S.K.: 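Have a look at this one.
Letters go in sequence order (proteins before strands), and every chain restarts at 1. Just so it is clear, the model here is predicted, and its values are computed rather than measured.
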Number of protein chains: 2
Amino acid sequence: MRRPSARVNAALAALDRAELRKTPQRIAVVHALVDDTSHPTAQQIFDRLRRQMPTMSFATVYNTLAALERAGVCRSLRLSHDDSARFDPMVEPHDHAVCDRCGRVLDVPRARERAEIQEFRVRAVERVYRGECQQCQSIGGS
Amino acid sequence: MRRPSARVNAALAALDRAELRKTPQRIAVVHALVDDTSHPTAQQIFDRLRRQMPTMSFATVYNTLAALERAGVCRSLRLSHDDSARFDPMVEPHDHAVCDRCGRVLDVPRARERAEIQEFRVRAVERVYRGECQQCQSIGGS
DNA sequence: ATGATGGTTTAGAATCATTCTTGGTTACAA
DNA sequence: TTGTAACCAAGAATGATTCTAAACCATCAT
Ligand SMILES: [Mn+2]
Ligand SMILES: [Mn+2]
Ligand SMILES: [Zn+2]
Ligand SMILES: [Zn+2]
């Protein structure tokens, strides 16, 4: 049992804020995810956790990741057509570089321009704007 | 039977180039998709086509869309977590604005900057770079 | 014509990620 | 203690997509 990292503490505090109980399952998922920059899938997280916690259910991994996402501790990404959802503990806005060949997902800080991604040979860029269309703005609401 | 549009002709020529037969099913899918800016799902295309061609199978819609994508006539988009794949007849590079509320998908030409999307209230931008990571570059290959 | 070949379609089964359901467990308060 | 609500495990269900097997159809050689 090592001293919990700053990120782990921040994540557990966010659970508190969201009024979610700090159960052993959730704490385990937080530990598995919070310092992982590889953007793992739910399956990969499940595979890691079942060693330490063999009773953990796959559904609990999904439920917990959804809870953590609601609490602002992580976010989920759908980056490719075939691939399944990936989970990202870095919630500050940033972009991603996806390798065509090995599927690796790299973080790209917003500061960098496309041409400055040194290590990555860029073939194409995709941009998605999220927000409200004109029709929905005029309807109003929350 | 109206005079085929320029886009339809271009799409059928692309089928030729890709050495894919111009079957009635493929021609029907081309007609249904090629002037549609709404980024429809496979289900929506299937629903439209079954009126004119009641024997058309859902699998054929998927197969045909995959063939058209290989031929460079359209591309498929996975824009939201819950939603299914959407198909886009505009193959020139461009971006997309997705409405949080109604799910509408709007085209955003590359010329425009984020702030210039007049009709759309932008909440967030997501960028994905596609290409080759450093490891895969050093391995080399095709 | 006849038959072989190969691409295409159909219908339904299979797959696979994700979500749902059910019944039991835990935390915690009255 | 008893009650209540959150939580979890296990497996079933869902839904999009892909696969399979058999039928279909155009083309080509006999
Ligand atoms: Mn990331
Ligand atoms: Mn588009
Ligand atoms: Zn790579
Ligand atoms: Zn809208």
S.K.: Name the one of B:Y62, B:F87, B:F58 that satisfies ring pair (Phe, Tyr, Trp, His ring centres under 6.0 Å) with B:F46?
M.R.: B:F58
S.K.: Should B:R127 and A:E126 count as an ion pair when the cut-off is N to O under 4.0 Å?
M.R.: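 Here B:R127 does not pair with A:E126 in a salt bridge, since their nearest N and O are not under 4.0 Å apart.
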S.K.: Mind listing the closest non-hydrogen atom pair of A:Q137 and A:E132 along with its distance?
M.R.: NE2-O, 2.8 Å
S.K.: Does anyone know the first and last nucleotide of DNA chain D in reach of chain B, 5' to 3', at under 4.0 angstrom to a heavy atom?
M.R.: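 Footprint of chain B along DNA chain D, 5' to 3': D:dA16 to D:dC19.
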S.K.: May I have the distance from B:D16 (atom CG) to C:dG7 (atom P), rounded to whole angstrom?
M.R.: 16 Å
S.K.: Would you mind checking if B:R48 and B:D36 are paired as a salt bridge, meaning a charged N to carboxylate O distance below 4.0 Å?
M.R.: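 Yes, B:D36 and B:R48 are salt-bridged.
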S.K.: Just the rounded figure in Å: distance from P of C:dG7 to CZ of B:R26.
M.R.: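 About 11 Å, once rounded to whole Å.
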S.K.: Under 4.0 Å between any heavy atoms, over every strand shown, what does B:T55 touch: base, sugar-phosphate, or nothing? Just pick one.
M.R.: sugar-phosphate
S.K.: How far does NZ of B:K22 sit from CD of B:Q25, to the nearest 0.5 angstrom?
M.R.: 14.5 Å
S.K.: Salt bridge or not for B:R130 and A:D100, using N-O below 4.0 Å?
M.R.: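 Answer for the salt bridge query: no.
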S.K.: Would you give a per-nucleotide map of nucleotides 22-30 of chain C, 5' to 3', where B means the base has a protein non-hydrogen atom under 4.0 Å away, S means only the sugar-phosphate does, and - means neither?
M.R.: ----BS---
S.K.: Specify the separation, in whole Å, of atom CG of B:N63 and atom P of C:dA11.
M.R.: 13 Å
S.K.: Would you call B:R110-B:D95 a salt bridge at under 4.0 Å N-O?
M.R.: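 So B:R110 pairs with B:D95 through a salt bridge.
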S.K.: How would you label the contact of B:T60 with the nucleic acid (heavy atoms, under 4.0 Å): base, sugar-phosphate, or nothing?
M.R.: base
S.K.: Taking for each residue the nucleotide of DNA chain C with the nearest heavy atom, is it B:M56 or A:S84 whose nucleotide lies nearer the 5' end?
M.R.: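 It is B:M56 whose nearest nucleotide is closer to the 5' end.
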S.K.: Give B:A85 one of three labels, base, sugar-phosphate or nothing, depending on what nucleic acid heavy atoms sit under 4.0 Å from its own.
M.R.: sugar-phosphate
S.K.: More than 12 heavy atoms of other residues, nucleotides or ligands under 6.0 Å from CZ of B:R7: is that the case?
M.R.: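 12 or below, so no.
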S.K.: Rounded to the Å, how far apart are A:Q43 CD and C:dT19 P?
M.R.: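 My rounded result for the distance is 14 Å.
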S.K.: Tell me whether A:V105 shares a hydrophobic cluster with B:V128, the cluster being built from Ile, Leu, Val, Met, Phe, Trp, Tyr side chains joined at under 4.5 Å.
M.R.: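 Linked within one cluster.
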S.K.: Can you tell me if the side-chain N/O atoms of A:R78 get under 4.0 Å from OP1 or OP2 in C:dT18?
M.R.: yes
